[in-house]
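For reference, the structure is listed below as structure tokens.
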Amino acid sequence: MSKRFKVKINEQRCKKCGICVAFCPKKVLRIDINTFPIVDKEEECIGCNLCYLRCPDIAIFVEEKGEGVV
Amino acid sequence: MHEDIKFLQGNEACVEGALKAGARFYAGYPITPSSEIAELASIRLPAEGGVFIQMEDEIASMAALVGASFAGAKAFTATSGPGFSLMQENIGLAIMTEAPCVVINVQRSGPSTGLATKPAQADVMQARWGTHGDHAAIVLAPATVQECYDLIIYAFNFAEKYRTPVVFLSDEIVGHMREKVVLHNNIPIVQRKMPNIDPGKYRPYEPEKTGVPPLAYFGSEYTFHASSSMHDETGFPNNSPQNAEKVVKRLYNKIYQNKEDIIITKEFCTEDAEILFISFGASARSSREAVNILRKQGKKAGLLQLNTLWPFPDEKVRNLADRAKIVVVPEMNLGQIIGEVQRVLNNGIPVIGVNKVNSEIITPFEIIEKIKEVI
Amino acid sequence: MARNVFDYIIEEKLPFFWCEGCGNGIILKTIAKVFADLNLDPREIVVVTGIGCWGKADDYLSVNSLHVTHGRALPAATGVKLVNPNLKVLALMGDGDGLTIGGNHFIHAARRNIDITAIISNNFNYGMTGGQVSGTTPEKSITSTSRFGSVEPPFDVVNLAIAAGASYVARATVYHVNLLEKYIKNAIMKKGFSVVDVINVCPTYFGRLNKLKTSVEMMEFLRDNSTFNKNEGDINSNKFALGEFVNIEKPDFSTKYLEVQKQAKEKIFSLEQDSGAR
Amino acid sequence: MGRIEVVLAGSGGQGLLLIGKILGEAAAIFDGKNAVQTTAYGVATRGGFSKSEVIISEDEIAFPEAMDPDYIVCLSPQAFEIYKGRIKEGAILIYDKNTIKCENNEYYGFSMTNAAVELKNIRILNMIALGILVKISGIVSLEAIIESLKKNSPDQFRDQNLRAFYKGFEMVL
């Protein structure tokens with residue numbers, strides 16, 4: 001699949017809990033010690049939106065390119 | 001016979017007055033000697049399109065009143081000592097959230113279960129200070145069945161006007177006695193003051209000059225936030241010390257700066273009274289009989305009957321006592337209102353309590369016996 | 001116009017005050033998402049909260065809300081609902097708030113079948129006050145007031161709600177977000193008392209004291225210890241049965257009370273006479 | 001007429017509250033005077049000492065309870081024990097002589113229970129007592145008490161209550 005999705009992190013809200021990273025089925029995200037989640041392999045994103053749904057702080061969003069927020 | 005003259009119990013007259021005032025919601029838990037209020041409310045409210053619900057306890061009843069009040073209903077409950085104790089938590093909730101409602105306490109003999117069917121007047125201080133935290137209180141006390149009807153209308157009016165719970169402190173004697181009562185329309189009914197601004201700009205705790213914020217209701221065009229936690233004018237939490245001080249003082253002042261409007265008293269033969277009785281509820285009836293007897297004996301006795309117990313009528317007491325040689329305070333407790341009288345009268349005038357806690361009404365003879373040495 | 005979560009959650013109030021990894025934010029966002037999907041008018045929603053971490057949920061909401069005393073969200077919500085049955089009324093309660101200090105109100109609201117949706121954020125302890133034991137803490141769990149392991153069996157919220165007579169009872173976890181959304185939606189649409197028991201994570205207290213240090217570890221625990229076979233569920237041994245357990249139609253209190261109002265109007269005089277004659 | 005005090009004493013369940021209410025309402029509403037009716041009772045509805053008091057006056061009534069009763073009706077031995085020998089001069093004590101032993105012939109004994117049995121309903125003893133009291137005392141008009149009795153009786157009991165009242169009324173010669 002081509003690179004259709006954009007993953008955005010709101011660093012004002014993110015508390016670095018790592019839930020989005022741990023449960024991403026495609027391992028799109030990565031987190032280092034005390035960093036915000038890093039979007040590592042955006043091209044792998046399938047737009048399942050689980051990171052958004054599980055984020056306790058409404059701090060991560062998956063956008064379909066050219067179509068805005070999913 | 002006029003339709004609106006009835007022979008009712010004090011408790012029944014409370015329901016009639018509440019309906020006249022526009023009450024449409026009752027939540028309560030049965031307890032002697034208040035249960036007639038619940039029973040009659042369960043018949044009358046649904047017939048007026050209102051709702052009666054018997055809750056699982058008095059804690060829940062008081063919480064339901066707050067919810068009902070924010071949904072726009074004039075709401076009331078009735079209880080007695082043990083239930084009044086349980087209600088204290090959410091009376092505080094009503095004070096803090098500024099939810100208009102009326103709580104009737106038909107006082108009975110305590111402490112605890114005590115003598116469940118017998119009267120007392122020992123909840124005066126609980127009605128003032130029962131819930132925690134610094135706060136004001138509006139407390140009204142009836143002595144006749146007519147006053148049950150009249151004063152409960154005032155209770156609802158004050159509740160809506162000042163956005164606060166009002167305690168209606170009846171007692172077993174007044175609650176259960178039957179007397180003639182005129183179910184009149186003479187007291188104007190106060191309706192809640194709604195906001196009159198753009199819904200987006202409504203702040204549910206922004207006071208007007210009176211200290212009272214206009215109140216919308218859930219389901220109206222205004223959405224709003226009400227909170228038991230310390231909040232600012234938006235209704236959302238605000239933990240700053242400046243805000244806390246402002247809120248606590250406003251809640252207090254909105255009652256005390258309007259006390260002239262809230263204080264209701266009645267006077268009997270006080271014009272030249274040298275023996276001044278100060279009393280309330282059932283004991284005011286005893287005191288009045290004592291005045292009658294003493295007057296027949298040529299003694300200048302008079303009665304100041306307190307319909308409003310809180311805020312306490314300091315000035316009224318001070319002015320009348322100026323002319324008196326002694327002040328006598330009969331009450332069915334070991335001395336609660338007398339403390340207030342003594343606080344007000346620190347000029348050396350003798351203040352004598354007539355106190356009885358055996359669950360029987362104070363008789364006029366007991367009052368006269370108590371003071372005969374000094375008059 | 002389609003609504004989104006920020007039509008119900010006030011974006012400027014974020015970030016949430018809850019701890020890193022706390023599931024409350026997941027539940028609140030899911031509720032807002034359901035509101036949006038159902039296109040509910042914020043003026044017709046009333047959210048009632050009690051005390052505790054989850055009791056702070058209303059701080060972020062732009063719908064009508066009433067934040068009350070500890071354990072008393074349901075009776076306050078009852079007052080709101082009975083005065084205006086057209087309002088959508090939700091009670092957001094934690095396990096300490098709704099099932100422990102407020103346990104009596106919970107069973108009676110269910111028994112009366114008041115049309116309220118109760119969303120229980122069940123994290124097995126009192127988070128706000130430092131992780132003390134609650135009415136749903138599994139036996140042997142360590143909390144700050146059960147340092148040697150709790151000796152009290154917990155309530156199973158689902159079984160309790162069923163026994164008390166709720167019209168809708170479901171359980172999900174904050175890990176199972178799609179289920180959670182579906183159950184919250186069904187609960188809100190249900191006419192009658194509806195309960196969603198949301199198994200939540202409290203990494204700060206319950207997790208730390210029970211060898212689940214992070215919310216990720218706790219979420220993994222929920223994932224690995226959940227079952228859709230009701231018979232396998234056992235709250236006491238941390239085995240969570242998920243699903244919809246009750247979903248029935250029966251008249252709610254307000255609907256039945258219409259008949260009381262009708263009868264009262266017709267019979268008032270004879271009833272008054274009767275009550276007066278005793 | 002000055003202040004008249006009536007005590008209706010017996011045991012719980014005898015309907016003393018009801019006849020107190022009927023008497024009070026007759027005076028207050030139908031005769032246009034003032035009246036206060038109070039009750040004292042224990043925690044149980046049935047059995048145990050119970051009393052109802054009615055104060056009637058053309059003036060406003062301050063103290064709501066009897067201080068020195070003018071009329072006392074006793075329907076149980078326990079009630080009689082409380083009031084006998086304690087009544088003021090000129091006061092009238094009426095009692096049920098079928099259930100209460102009394103040697104004082106200044107008191108007014110009537111065969112109330114027997115009368116109730118004749119009417120095949122022991123529960124209308126209260127109405128018989130009311131009829132006797134009204135006839136002896138004249139504290140309310142006959143028209144007023146009948147209106148009040150009708151108003152305060154549920155439909156199904158109205159006729160038998162009236163019959164019992166008249167039975168008592170006619171027992172006084």
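By convention in this document, chain letters (A, B, ...) are assigned in the order of the sequence lines, proteins followed by strands, and residues within each chain are numbered from 1.
Summarising the local packing, CZ of D:F63 is surrounded by more than 12 heavy atoms from other residues, nucleotides or ligands at distances under 6.0 Å. The local environment of OH in B:Y154 is sparse, with at most 12 non-hydrogen atoms from other residues, nucleotides or ligands closer than 6.0 Å.
Looking at B:T32, only its side chain comes within 4.5 Å of chain D, counting heavy atoms on both sides. For B:I173, the part lying near chain D is the side chain, with the backbone staying farther off; criterion is any non-hydrogen pair under 4.5 Å.
To the nearest 0.5 Å, atoms CD (B:Q9) and OG1 (D:T39) are separated by 7.0 Å.
Using a 4.5 Å heavy-atom threshold, the side chains of B:R178 and D:V36 count as separate.
For a heavy-atom cut-off of 4.5 Å, chain D lies close to B:R288, B:E289, B:N292 in residues 288-308 of chain B. Within residues 355-369 of chain B, the residues that have a heavy atom under 4.5 Å from a heavy atom of chain D are B:I361, B:I362, B:T363, B:P364, B:F365, listed by number. Residues of residues 82-100 of chain D lying within less than 4.5 angstrom of chain B, judged on heavy atoms, are absent.
Considering only heavy-atom pairs separated by less than 4.5 Å from chain B, the leading option among D:S52, D:G32, D:S148, D:P64 is D:P64.
Heavy-atom minimum distance, B:F7 versus D:Q37: CZ-CB, 4.0 Å.
Listed by chain and residue number, nothing satisfies the side chain to side chain donor-acceptor pair (under 3.5 Å) test with B:S279 (two or more places apart in sequence, or in another chain).
Not a single donor-acceptor pair under 3.5 Å links the side chain of B:K180 to the backbone N or O of D:N34.
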